[in-house]
Amino acid sequence: QVQLVESGGGLVQPGGSLRLSCVASGINFRFYGMAWYRQAPGAQRELVARITSGSITNYAESVKGRFTISRDNAKNMVFLRMESLKPEDTAVYYCYADSAYWGQGTQVTVSS
């Protein structure tokens, strides 16, 4: 049974930082590209950042220079470090294993 479990979301002030974590089970993690998506209320789910099995990364333009995706294959984990957070980053953030599996999401709220 495949599971992706996110953690690390919460309420943060504008300009603050958070680190999201996702732990995977039931898949051969090191062979999967992994990604973080987000979905704000009333909006479509959008790609935030992606990391290939070879650790090549790419980012949405809106988060370049502020967010960093990384992975730890020994722990079956993928991370999203988010800095200089803005209110428009408020969303549910989802972990995704190409091209098949989703986590349940973790809420990130950026507000003063």
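Side chains are part of it too, since the values below use all heavy atoms of this structure and drop only hydrogens, waters and symmetry mates.
Ring-plane geometry between Trp102 and Tyr94 is classed as perpendicular, the angle between the planes exceeding 60 degrees on a 0 to 90 degree scale with a lower cut at 30.
One distance of note links SG of Cys95 with CE of Met77; it measures 9.5 Å at 0.5 Å rounding. To the nearest 0.5 Å, atoms CG (Asn28) and CG (Asn76) are separated by 8.0 Å. Gln39 CD to Gln107 CD: the interatomic distance, rounded to the nearest 0.5 Å, is 11.0 Å. Interatomic distance, Arg71 CZ to Thr57 OG1, rounded to the nearest 0.5 Å: 11.5 Å. For the atom pair CZ of Arg81 and OG of Ser70, the computed distance is 10.5 Å after rounding to the nearest 0.5 Å.
In terms of heavy-atom proximity, Pro14 sits nearest to Ser112 at CD-N, 3.6 Å. Closest of all the heavy-atom pairs between Ala35 and Leu47 is CB-CD1, 3.8 Å. Closest approach of Ser17 to Ser84, counting heavy atoms only: OG-N, 4.4 Å.
Grouped by direct or indirect side-chain proximity (heavy atoms under 4.5 Å, Ile/Leu/Val/Met/Phe/Trp/Tyr only), Phe29 sits with Val2, Leu4, Val12, Leu18, Leu20, Ile27, Tyr32, Met34, Trp36, Val48, Ile51, Tyr59, Val63, Phe67, Ile69, Val78, Leu80, Met82, Leu85, Tyr93, Tyr101, Val108, Val110.
No more than 12 heavy atoms of other residues, nucleotides or ligands shown are found within 6.0 angstrom of CD on Gln44.
The backbone N or O of Cys22 lies less than 3.5 Å from no partner atom in the side chain of Glu6, so there is not a single donor-acceptor pair. Side chain of Gln104 to backbone of Val5: no donor-acceptor contact under 3.5 angstrom is found.
At a threshold of 4.5 Å between non-hydrogen side-chain atoms, the residues Arg38 and Ser62 count as touching.
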message: Go through it in stages, so that I can follow the logic: the residues are Ser111 and Leu11, the test is side-chain contact (heavy atoms from CB on, under 4.5 Å), and I'd like the CA-CA distance, side-chain angles, deciding distance and then a yes or no.
response: CA-CA 7 Å; Ser111 175; Leu11 173 63; 4.2 Å; yes
